[in-house]
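Report on the following structure.
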Number of protein chains: 2
Amino acid sequence: MGPLFRKSKQRKIILGALSEMKTHPTAQELFARVRETDPEVGQATVYRNLRILKEQGEIIELSFGAGARRYDRNVARHEHFTCRRCGTIEDIYPDTRSLTGSLHKKGYRVDEMKIEAFGVCRKCAKKIKSNR
Amino acid sequence: MGPLFRKSKQRKIILGALSEMKTHPTAQELFARVRETDPEVGQATVYRNLRILKEQGEIIELSFGAGARRYDRNVARHEHFTCRRCGTIEDIYPDTRSLTGSLHKKGYRVDEMKIEAFGVCRKCAKKIKSNR
DNA sequence: ATATCTGCAAATCATTTGCGAATTG
DNA sequence: CAATTCGCAAATGATTTGCAGATAT
């Protein structure tokens, strides 16, 4: 079987910091955040632990288009909406059954489906409306 | 307005090579392919032209999870299915209207939706079946 | 003519790895 | 104690950029 994972001090710090951030941070953003309170934590430690936590199913790894990967403490099945105006990434919970269903009918075995939506979020849409 | 794009020899070579490849290649894969016939083309030229061709809407840029970006000459609206067994990336054309519709109802303005499906493709599914 | 483009090499950005020391169970 | 993890620095992989010379319109 695989290696035995320990509850290292750093692993707890990193998971704790990610839990507090609602912004779906990149490894670098999380590293910066961790450094604020624990300046002795190394950057490789952050990357290594993100990989381990992902393998353990404690967190999810995201990658929106190009650029750095992002991490998410919300492990429930969900998708993301990125606002082009304010940059916020919101969790969304679309019903994907008809999508996977039609693929199954065509002979595909689907075990994962990733959906990313882009546009203007509800908050920004309201602002735009009131400004005219 | 923006810059005037020219039809450089290299740009044509790169677009031509991508047109012939049905594999959704990375910039490096495309670079290697171009080098086979035109060894004088530089790697920066490939990257630069991929960006320009994308801006012009001649090609599409994809990024599946982590790893290098991939490029696609098929600019029609479509999505992708990646087979975990043979690695092939197939074009799929799912109906996304109900998905965008329900987001619109919730107040989001959706201008783009990206879907990536993963699993076992039809060809591999058949092979697995016949092997037992 | 001159804005655009090229090839090369060096720079940048995100991430991984080697290693000897420290920590966890 | 022995497996695991750490921090650091160097390595890697993907992509971008600076620049002087070449090219397209």
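In what follows, every chain begins at residue 1, and chains take the letters A, B, ... in the order their sequences are listed.
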Please state how far atom [atom1] in [X] lies from atom [atom2] in [N], giving the value in whole angstrom units.
| X | N | atom1 | atom2 | answer |
| --- | --- | --- | --- | --- |
| Phe31(A) | dT16(C) | CZ | C1' | 14 Å |
| Glu61(B) | dT16(D) | CD | C1' | 13 Å |
| Lys12(A) | dC6(D) | NZ | P | 11 Å |
| Asn49(B) | dT6(C) | CG | C1' | 9 Å |
| Arg51(B) | dA14(D) | CZ | C1' | 15 Å |
| Leu53(B) | dC5(C) | CG | P | 11 Å |
| Asp38(B) | dC5(C) | CG | P | 19 Å |
| Leu15(B) | dC5(C) | CG | P | 14 Å |

Does any N or O in the side chain of [X] come within less than 3.5 Å of the main-chain N or O of [Y], such that one atom is a donor and the other an acceptor?
| X | Y | value |
| --- | --- | --- |
| Asn74(B) | Ala76(B) | yes |
| Arg69(B) | Glu61(B) | no |
| Ser8(B) | Arg11(B) | yes |
| Arg70(B) | His24(B) | yes |

To the side chain of [X], which of [options] is closest?
| X | options | result |
| --- | --- | --- |
| Gln43(A) | dT15(C), dC5(C), dA9(C) | dT15(C) |
| Arg48(B) | dC19(D), dT24(C), dC5(C) | dC19(D) |
| Arg11(A) | dC5(C), dG7(C), dT5(D) | dT5(D) |
| Thr45(B) | dT16(D), dT6(C), dA9(D) | dT6(C) |
| Tyr47(B) | dG7(C), dT4(C), dA14(D) | dA14(D) |
| Gln28(A) | dT17(D), dA14(C), dC5(C) | dA14(C) |
| Gln10(A) | dC6(D), dT6(C), dT15(C) | dC6(D) |

Residue met sooner reading DNA chain D from 5', once Ile52(A) and Arg69(B) are mapped to nucleotides: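 Counting from the 5' end, the first nearest nucleotide belongs to Ile52(A).
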
Is there a donor and acceptor pair closer than 3.5 Å between the side chain of Arg6(A) and the base of dA3(D)?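 When only heavy-atom distances are counted, Arg6(A) does reach the base of dA3(D) through a donor-acceptor pair under 3.5 Å.
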
Are Ser8(B) and dT4(C) close enough that a side-chain N or O sits under 4.0 Å from OP1 or OP2?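 So the side chain of Ser8(B) is outside the cut-off, no N or O lying under 4.0 Å from OP1 or OP2 of dT4(C).
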
Minimum heavy-atom distance Phe81(A)-Val110(B), with the two atoms named: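 That would be CE1-CG2, 4.0 Å.
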
NA contact type, Lys9(B), heavy-atom cut-off 4.0 Å: base, sugar-phosphate, or nothing?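 Counting heavy atoms under 4.0 Å across all strands, no contact is made by Lys9(B).
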
With sugar-phosphate meaning primed atoms plus P, OP1 and OP2, does Ala68(A) contact a base, only sugar-phosphate, or nothing at under 4.0 Å between heavy atoms?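 Sugar-phosphate: the residue Ala68(A), judged by heavy atoms under 4.0 Å, touches backbone atoms but no base.
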
